[in-house]
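Everything numeric here is computed off the predicted structure, so don't read it as measured data. Below, each value reflects all heavy atoms present in this structure, side chains not excepted, and no hydrogens, waters or symmetry copies.
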Amino acid sequence: MPFTSTLNHANTNGLKVYPINVGNPPSDAEWPDGRTAKEMFANLKAELWWTVRCAFQRSYELLLFLEGQEGGCDHPLEDIIVLPDSKELTGQLPVPKWLKNEKGRIGIESKLSLARRGIPSPDFAEALVLTYSPELIEDFVMPSVTPVFGGRGAGLLS
């Protein structure tokens, strides 16, 4: 199978797809505690996963609030998350571990580390997480990549 990218196929039928490099530094966002994303996270991947984690926390707090339970808090609906009925997605979301690096910044387990644990890439969870990216590169042009031996670009994605 030749090397392909979602970007090569998804810009059809009205669907617009933007590249996101989760290895980039975190955004310039300021968090509620006053710290910046650059102070808190090792990279954009960690910031995005943490953002989704916070959305789940707000959703749970809203549920408690609506049920009149202790610990509940009212949140605007645009700040919460509601998932589709997907066993793949809900099964993958809790899989990657988080950690703190040598600088005390939050990081998310790599795909290589997941593979070493015998866990496949959490593609459904990553798709959700990437929807929280603030980065849009409107003028991106997909580079031409020539497959080597019909593989995955000779290790470009491995």
Any side-chain heavy atom of [X] within less than 4.5 Å of one from [Y]?
| X | Y | result |
| --- | --- | --- |
| Leu83 | Phe56 | yes |
| Glu70 | Leu64 | no |
| Leu77 | Leu62 | yes |
| Leu130 | Val22 | yes |

Nearest atoms (heavy-atom pairs only) where [X] meets [Y]:
| X | Y | result |
| --- | --- | --- |
| Glu126 | Ser121 | OE1-OG, 3.8 Å |
| Asn21 | Gly23 | OD1-N, 2.9 Å |
| Gly71 | Glu61 | O-CG, 4.1 Å |
| Gly107 | Ala42 | CA-CB, 4.2 Å |
| Ala125 | Leu93 | CB-CD2, 3.8 Å |
| Pro96 | Leu114 | CA-CD2, 4.2 Å |

Supply the atom-to-atom distance [X] [atom1] to [Y] [atom2], rounded to the nearest 0.5 angstrom.
| X | Y | atom1 | atom2 | value |
| --- | --- | --- | --- | --- |
| Asp123 | Lys111 | CG | NZ | 6.0 Å |
| Leu63 | Cys73 | CG | SG | 13.0 Å |
| Glu47 | Arg105 | CD | CZ | 12.5 Å |

What about [X] and [Y], same hydrophobic cluster or not, with Ile/Leu/Val/Met/Phe/Trp/Tyr joined at side-chain heavy-atom distances under 4.5 Å?
| X | Y | result |
| --- | --- | --- |
| Trp31 | Ile106 | yes |
| Leu128 | Val82 | no |
| Val52 | Leu44 | yes |
| Phe124 | Ile108 | yes |
| Ile80 | Leu48 | no |

Glu78, CD atom: more than 12 neighbouring heavy atoms under 6.0 Å = yes

Neighbour count above 12 (heavy atom, 6.0 Å) for Tyr132 OH | yes

For Trp98, which of Trp49, Trp50, Phe41 qualifies under ring pair (Phe, Tyr, Trp, His ring centres under 6.0 Å)?
-> Trp50

Please say which of Arg116, Lys45, Arg117 ends up in a side-chain hydrogen bond (donor to acceptor under 3.5 Å, both in side chains) with Glu109.
-> Arg117

